[in-house]
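One structure is given below, encoded as C-alpha coordinates.
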Amino acid sequence: MLERFEGKFPKTLEFSLFARETLPDVDPRDDPDFALMAWMEREEILFRTFERHLIADRLSKGFGSGTAVDVDDFLSFSLSVQNRRKSRVGLALENHLAHLFDTLDIRYSRGAVTERRSKPDFLFPGAEHYHNPAFEVTRLTMLGVKSTCKDRWRQILSEANKVEQKHLLTLEPGISEPQTEEMRSHRVQLVLPRPLHDSYSFSQRAWLQDVRSFSKQLLERQN
(Lines give C-alpha, C1' and ligand atoms only; values in the text may rest on other atoms or scores of the structure.)
Protein backbone atom coordinates (compact mmCIF):
# COMPACT_ATOMS: atom_id res chain seq x y z
CA MET A 1 0.00 0.00 0.00
CA LEU A 2 2.83 2.40 0.80
CA GLU A 3 4.37 1.81 -2.59
CA ARG A 4 1.15 1.87 -4.58
CA PHE A 5 -0.29 4.98 -2.94
CA GLU A 6 3.05 6.77 -2.40
CA GLY A 7 2.62 6.98 1.36
CA LYS A 8 -0.67 8.88 1.43
CA PHE A 9 -4.38 8.15 1.35
CA PRO A 10 -5.75 7.71 -2.19
CA LYS A 11 -9.25 8.57 -3.33
CA THR A 12 -11.89 6.19 -1.99
CA LEU A 13 -12.59 4.86 -5.48
CA GLU A 14 -8.94 3.83 -5.88
CA PHE A 15 -8.82 2.20 -2.46
CA SER A 16 -12.03 0.25 -3.10
CA LEU A 17 -10.57 -1.04 -6.36
CA PHE A 18 -7.39 -2.09 -4.54
CA ALA A 19 -9.42 -3.95 -1.90
CA ARG A 20 -11.27 -5.93 -4.58
CA GLU A 21 -8.01 -6.74 -6.36
CA THR A 22 -6.77 -8.47 -3.20
CA LEU A 23 -9.77 -10.86 -3.48
CA PRO A 24 -9.49 -12.07 -7.09
CA ASP A 25 -11.58 -15.20 -6.44
CA VAL A 26 -14.62 -13.25 -5.21
CA ASP A 27 -17.15 -12.96 -8.04
CA PRO A 28 -20.57 -11.33 -7.50
CA ARG A 29 -22.01 -13.51 -10.26
CA ASP A 30 -21.56 -16.47 -7.91
CA ASP A 31 -22.93 -14.84 -4.76
CA PRO A 32 -23.57 -11.06 -4.76
CA ASP A 33 -24.35 -10.97 -1.03
CA PHE A 34 -21.10 -12.68 -0.08
CA ALA A 35 -19.10 -10.57 -2.54
CA LEU A 36 -20.37 -7.27 -1.15
CA MET A 37 -19.65 -8.29 2.44
CA ALA A 38 -16.22 -9.68 1.57
CA TRP A 39 -15.19 -6.49 -0.26
CA MET A 40 -16.39 -4.26 2.58
CA GLU A 41 -14.67 -6.33 5.26
CA ARG A 42 -11.41 -6.47 3.30
CA GLU A 43 -11.42 -2.73 2.66
CA GLU A 44 -12.03 -2.05 6.36
CA ILE A 45 -9.04 -4.21 7.36
CA LEU A 46 -6.75 -2.64 4.76
CA PHE A 47 -7.86 0.89 5.60
CA ARG A 48 -7.32 0.48 9.33
CA THR A 49 -3.89 -1.03 8.74
CA PHE A 50 -2.85 1.75 6.39
CA GLU A 51 -4.36 4.45 8.58
CA ARG A 52 -2.59 3.17 11.69
CA HIS A 53 0.77 3.36 9.94
CA LEU A 54 0.23 6.83 8.46
CA ILE A 55 -1.10 8.28 11.72
CA ALA A 56 1.80 6.83 13.71
CA ASP A 57 4.21 8.33 11.18
CA ARG A 58 2.55 11.75 11.46
CA LEU A 59 2.48 11.65 15.26
CA SER A 60 6.19 10.79 15.38
CA LYS A 61 6.93 14.05 13.56
CA GLY A 62 5.06 16.07 16.16
CA PHE A 63 3.08 19.27 15.80
CA GLY A 64 4.90 22.57 15.92
CA SER A 65 8.62 23.11 16.41
CA GLY A 66 10.91 22.25 19.30
CA THR A 67 9.00 21.88 22.57
CA ALA A 68 6.16 24.16 21.42
CA VAL A 69 3.09 22.24 20.37
CA ASP A 70 0.89 23.76 17.69
CA VAL A 71 -2.55 22.90 19.06
CA ASP A 72 -4.38 24.16 15.97
CA ASP A 73 -2.23 21.96 13.75
CA PHE A 74 -2.95 18.94 15.94
CA LEU A 75 -6.71 19.63 16.05
CA SER A 76 -6.80 20.09 12.28
CA PHE A 77 -5.08 16.74 11.80
CA SER A 78 -7.41 15.01 14.26
CA LEU A 79 -10.47 16.46 12.52
CA SER A 80 -9.24 15.28 9.12
CA VAL A 81 -8.85 11.74 10.49
CA GLN A 82 -12.39 11.73 11.89
CA ASN A 83 -13.94 13.18 8.73
CA ARG A 84 -12.16 10.62 6.57
CA ARG A 85 -13.47 7.78 8.71
CA LYS A 86 -17.05 9.08 8.58
CA SER A 87 -17.22 9.60 4.83
CA ARG A 88 -15.16 6.60 3.69
CA VAL A 89 -17.48 3.72 4.64
CA GLY A 90 -20.51 5.11 2.82
CA LEU A 91 -18.48 5.88 -0.29
CA ALA A 92 -16.81 2.47 -0.20
CA LEU A 93 -20.23 0.78 -0.05
CA GLU A 94 -21.39 2.76 -3.09
CA ASN A 95 -18.17 1.96 -4.96
CA HIS A 96 -18.50 -1.78 -4.40
CA LEU A 97 -22.18 -1.74 -5.31
CA ALA A 98 -21.40 0.08 -8.56
CA HIS A 99 -18.82 -2.59 -9.43
CA LEU A 100 -21.33 -5.32 -8.54
CA PHE A 101 -23.96 -3.78 -10.84
CA ASP A 102 -21.41 -3.38 -13.63
CA THR A 103 -20.39 -7.03 -13.33
CA LEU A 104 -24.01 -8.16 -13.45
CA ASP A 105 -24.70 -5.93 -16.51
CA ILE A 106 -27.23 -3.84 -14.59
CA ARG A 107 -27.64 -0.35 -16.04
CA TYR A 108 -27.80 2.59 -13.63
CA SER A 109 -27.02 6.25 -13.05
CA ARG A 110 -25.16 7.21 -9.90
CA GLY A 111 -26.00 10.54 -8.25
CA ALA A 112 -28.41 11.60 -11.01
CA VAL A 113 -30.39 14.79 -10.41
CA THR A 114 -34.15 14.42 -9.97
CA GLU A 115 -36.79 16.76 -8.50
CA ARG A 116 -35.66 19.70 -6.35
CA ARG A 117 -32.07 18.85 -7.25
CA SER A 118 -32.14 15.72 -5.11
CA LYS A 119 -29.59 13.08 -6.03
CA PRO A 120 -30.52 9.46 -5.27
CA ASP A 121 -27.46 7.26 -4.89
CA PHE A 122 -28.54 4.92 -7.70
CA LEU A 123 -31.27 5.27 -10.30
CA PHE A 124 -32.19 2.31 -12.52
CA PRO A 125 -32.03 1.87 -15.46
CA GLY A 126 -30.77 5.45 -15.70
CA ALA A 127 -31.39 9.19 -15.52
CA GLU A 128 -32.42 9.46 -19.17
CA HIS A 129 -35.17 6.86 -18.58
CA TYR A 130 -36.33 8.64 -15.44
CA HIS A 131 -36.73 11.97 -17.23
CA ASN A 132 -38.38 10.39 -20.28
CA PRO A 133 -42.18 10.86 -19.84
CA ALA A 134 -42.80 7.96 -22.26
CA PHE A 135 -40.82 5.46 -20.16
CA GLU A 136 -42.93 3.11 -18.04
CA VAL A 137 -42.76 4.27 -14.43
CA THR A 138 -43.13 0.74 -13.04
CA ARG A 139 -39.75 -0.16 -14.57
CA LEU A 140 -37.94 2.59 -12.64
CA THR A 141 -36.09 1.81 -9.42
CA MET A 142 -34.21 4.02 -7.00
CA LEU A 143 -31.77 2.87 -4.35
CA GLY A 144 -30.52 4.83 -1.39
CA VAL A 145 -27.31 3.57 0.21
CA LYS A 146 -26.48 4.13 3.87
CA SER A 147 -23.96 2.03 5.77
CA THR A 148 -25.98 2.79 8.92
CA CYS A 149 -29.57 3.96 8.95
CA LYS A 150 -30.64 5.40 12.31
CA ASP A 151 -33.12 8.17 11.47
CA ARG A 152 -31.37 9.15 8.23
CA TRP A 153 -33.43 6.69 6.19
CA ARG A 154 -36.14 9.34 5.87
CA GLN A 155 -33.83 11.39 3.65
CA ILE A 156 -34.58 9.14 0.68
CA LEU A 157 -38.33 9.81 0.84
CA SER A 158 -37.94 13.07 -1.07
CA GLU A 159 -35.72 11.56 -3.76
CA ALA A 160 -37.05 10.41 -7.16
CA ASN A 161 -40.73 11.30 -6.71
CA LYS A 162 -41.77 9.21 -9.73
CA VAL A 163 -40.72 6.04 -7.90
CA GLU A 164 -43.32 5.28 -5.24
CA GLN A 165 -41.50 2.41 -3.56
CA LYS A 166 -37.99 3.33 -2.49
CA HIS A 167 -35.24 0.80 -1.88
CA LEU A 168 -32.65 1.33 0.82
CA LEU A 169 -29.50 -0.77 1.15
CA THR A 170 -27.75 -0.75 4.50
CA LEU A 171 -25.24 -2.78 6.52
CA GLU A 172 -26.89 -1.99 9.85
CA PRO A 173 -27.87 -5.15 11.74
CA GLY A 174 -30.88 -5.56 13.96
CA ILE A 175 -32.95 -2.47 13.20
CA SER A 176 -35.91 -2.42 15.59
CA GLU A 177 -39.32 -3.67 14.49
CA PRO A 178 -41.06 -0.31 15.11
CA GLN A 179 -38.55 1.37 12.81
CA THR A 180 -38.86 -1.20 10.02
CA GLU A 181 -42.65 -0.98 10.34
CA GLU A 182 -42.36 2.77 9.84
CA MET A 183 -40.21 2.14 6.76
CA ARG A 184 -42.85 -0.19 5.36
CA SER A 185 -45.60 2.36 5.99
CA HIS A 186 -43.60 4.86 3.90
CA ARG A 187 -43.06 2.24 1.16
CA VAL A 188 -39.35 1.84 1.84
CA GLN A 189 -37.99 -1.64 1.06
CA LEU A 190 -34.92 -2.54 3.09
CA VAL A 191 -32.11 -4.42 1.29
CA LEU A 192 -29.33 -6.11 3.27
CA PRO A 193 -26.67 -8.70 2.43
CA ARG A 194 -28.02 -12.13 3.33
CA PRO A 195 -25.57 -12.77 6.27
CA LEU A 196 -27.10 -9.80 8.13
CA HIS A 197 -30.67 -11.12 7.96
CA ASP A 198 -30.13 -13.33 11.01
CA SER A 199 -29.85 -10.23 13.20
CA TYR A 200 -33.53 -9.46 12.48
CA SER A 201 -36.65 -11.10 13.88
CA PHE A 202 -38.44 -13.87 12.02
CA SER A 203 -41.27 -11.58 10.92
CA GLN A 204 -38.79 -8.96 9.69
CA ARG A 205 -36.76 -11.52 7.71
CA ALA A 206 -39.86 -12.46 5.71
CA TRP A 207 -39.97 -8.88 4.43
CA LEU A 208 -36.25 -8.12 3.97
CA GLN A 209 -34.66 -8.32 0.54
CA ASP A 210 -31.12 -9.54 -0.06
CA VAL A 211 -28.69 -8.31 -2.71
CA ARG A 212 -29.24 -11.32 -4.97
CA SER A 213 -33.03 -10.92 -5.15
CA PHE A 214 -32.75 -7.15 -5.58
CA SER A 215 -30.29 -7.60 -8.46
CA LYS A 216 -32.60 -10.15 -10.05
CA GLN A 217 -35.49 -7.71 -9.78
CA LEU A 218 -33.42 -4.99 -11.47
CA LEU A 219 -32.51 -7.28 -14.36
CA GLU A 220 -36.13 -8.32 -14.84
CA ARG A 221 -37.26 -4.70 -15.02
CA GLN A 222 -34.34 -3.84 -17.29
CA ASN A 223 -35.05 -6.63 -19.74
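These figures come from a predicted structure and were not determined experimentally.
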- Message: Set out, in order, the CA-CA distance, both residues' side-chain angles and the distance that settles salt bridge (Lys or Arg N to Asp or Glu O under 4.0 Å) for Arg221 and Glu136, then state yes or no.
- Response: CA-CA 10 Å; Arg221 291 182 178 181; Glu136 190 176 346; over 6 Å; no
- Task: Using the rule that two of Ile, Leu, Val, Met, Phe, Trp, Tyr join whenever any of their side-chain heavy atoms come within less than 4.5 Å, decide whether Met37 and Leu46 are in one cluster.
- Result: no
- Taking side chain as C-beta onward, heavy atoms only, is Phe18 less than 4.5 Å from Met1? yes
- Please list, chain by chain and in numerical order, all residues satisfying side-chain hydrogen bond (donor to acceptor under 3.5 Å, both in side chains) with Glu159, sequence neighbours excluded. none
- Message: Quick one: does any side-chain atom of Ser213 pair with a main-chain N or O of Gln209 as donor and acceptor, under 3.5 Å?
- Response: no
- Query: If Ile, Leu, Val, Met, Phe, Trp and Tyr residues are connected whenever their side-chain heavy atoms lie under 4.5 Å apart, and connections chain through other members, are Tyr108 and Leu104 in the same group?
  - Reply: yes
- Query: For the side chain to side chain contact (heavy atoms under 4.5 Å, CB included) test, which of Val145, Leu143, Leu13, Val89 pairs with Glu94?
  - Reply: Val145
- Who passes ring pair (Phe, Tyr, Trp, His ring centres under 6.0 Å) against Trp153, sequence neighbours left out? His186
- Query: Are Lys150 and Gln179 linked by a side-chain donor-acceptor pair shorter than 3.5 Å?
  - Reply: no
- Query: Closest heavy-atom contact between Ala160 and Glu115?
  - Reply: CA-OE1, 3.6 Å
- Item | Closest contact, heavy atoms only, Ala38 versus Leu23 | O-CD1, 3.6 Å
- Item | Common cluster, Val113/Met142, ILVMFWY with side-chain heavy-atom separation under 4.5 Å | no
- Determine the minimum heavy-atom distance between Leu196 and Thr170, stating which atoms define it. CD1-O, 4.4 Å
- Message: Is the shortest side-chain heavy-atom distance between Asp27 and Thr103 below 4.5 Å?
- Response: yes
- Message: How about CD on Glu164, more than 12 heavy atoms from neighbouring residues, nucleotides or ligands closer than 6.0 Å, or not?
- Response: no
- Message: Evaluate Phe15 against Asn95 for side chain to side chain contact (heavy atoms under 4.5 Å, CB included), listing each step before the verdict.
- Response: CA-CA 10 Å; Phe15 204 80; Asn95 292 338; over 6 Å; no
- Sequence neighbours left out, what passes ring pair (Phe, Tyr, Trp, His ring centres under 6.0 Å) with Phe9? Give chain and number order. Phe47, Phe50
- Message: Just so I know, are the side chains of Val188 and Ile156 near enough to count as touching, which here means a heavy-atom distance under 4.5 Å?
- Response: yes
- Look at the aromatic rings of Phe101 and Phe122 and report parallel, tilted or perpendicular, splitting at 30° and 60°. perpendicular
- Check the pair Ile175, Met183 against side chain to side chain contact (heavy atoms under 4.5 Å, CB included), reporting the backbone distance first and the verdict last. CA-CA 11 Å; Ile175 298 174; Met183 291 179 184; 4.3 Å; yes
- Heavy atoms of Ser158 and Ser118 approach each other most closely as O-OG, 3.8 Å
- Is there a donor-acceptor contact under 3.5 Å linking the side chains of Glu172 and Ser147? no
- Message: Could you check whether any side-chain heavy atom of Glu128 comes within less than 4.5 Å of a side-chain heavy atom of Ser109, counting everything from C-beta outward?
- Response: yes
- Should we count CZ of Arg29 as having more than 12 external heavy atoms under 6.0 Å? no
- Heavy-atom side-chain contact between Glu41 and Glu43 under 4.5 Å: no
- Message: Quick check: do Leu100 and Ser215 have side-chain heavy atoms less than 4.5 Å from each other?
- Response: yes
- Message: Are Leu97 and Leu17 linked, directly or through intermediate hydrophobic residues, by side-chain heavy-atom contacts shorter than 4.5 Å (ILVMFWY only)?
- Response: no
- Under a single-linkage definition using a 4.5 Å side-chain heavy-atom cutoff for Ile, Leu, Val, Met, Phe, Trp and Tyr, are Leu171 and Ile45 assigned to the same hydrophobic cluster? no
- Message: Quick one, Glu14 with Lys11, criterion salt bridge (Lys or Arg N to Asp or Glu O under 4.0 Å). Give me CA distance, side-chain angles, the key distance, then yes/no.
- Response: CA-CA 5 Å; Glu14 297 176 51; Lys11 293 181 178 179; 5.5 Å; no
- side chain to side chain contact (heavy atoms under 4.5 Å, CB included) between Arg194 and His197: does it pass, once the steps are laid out? CA-CA 5 Å; Arg194 173 60 60 177; His197 286 211; 3.5 Å; yes
- Quick one: does Pro125's side chain get under 4.5 Å of Leu140's, heavy atoms only? yes
- Message: Test your reading of the model: is there a side-chain donor-acceptor pair from Lys8 to the backbone of Phe5, 3.5 Å cut-off?
- Response: no
- Message: Hydrogens and angles aside, do Gln204 and Ser201 bring a side-chain donor and acceptor to less than 3.5 Å of each other?
- Response: yes
- Query: Can you tell me if Asn223 uses its side chain to pair, donor with acceptor, with the backbone of Leu219 under 3.5 Å?
  - Reply: yes
- Query: Do you know the tightest heavy-atom contact between Asn161 and Tyr130?
  - Reply: N-OH, 3.0 Å
- Test item: Arg42 side-chain N/O and Ala19 main-chain N/O as donor-acceptor pair under 3.5 Å: no
- At their closest point, which heavy atom of Ala98 faces which heavy atom of Arg110, and how far apart are they? CB-NH1, 3.9 Å
- Item | Chi angles and distances behind the side chain to side chain contact (heavy atoms under 4.5 Å, CB included) call for Phe124, His129 | CA-CA 8 Å; Phe124 308 89; His129 303 86; over 6 Å; no
- Donor-acceptor under 3.5 Å (Gln222 side chain, Arg107 main chain): yes
- Task: Decide yes or no for Val211 and Leu169: does some side-chain heavy atom of the first lie under 4.5 Å from some side-chain heavy atom of the second?
- Result: yes
- Task: Given salt bridge (Lys or Arg N to Asp or Glu O under 4.0 Å), test Asp210 with Arg212 step by step and report yes or no.
- Result: CA-CA 6 Å; Asp210 59 21; Arg212 181 187 293 277; 5.8 Å; no
- Mark yes when over 12 heavy atoms from residues, nucleotides or ligands other than Phe34 sit less than 6.0 Å from its CZ; otherwise mark no. no
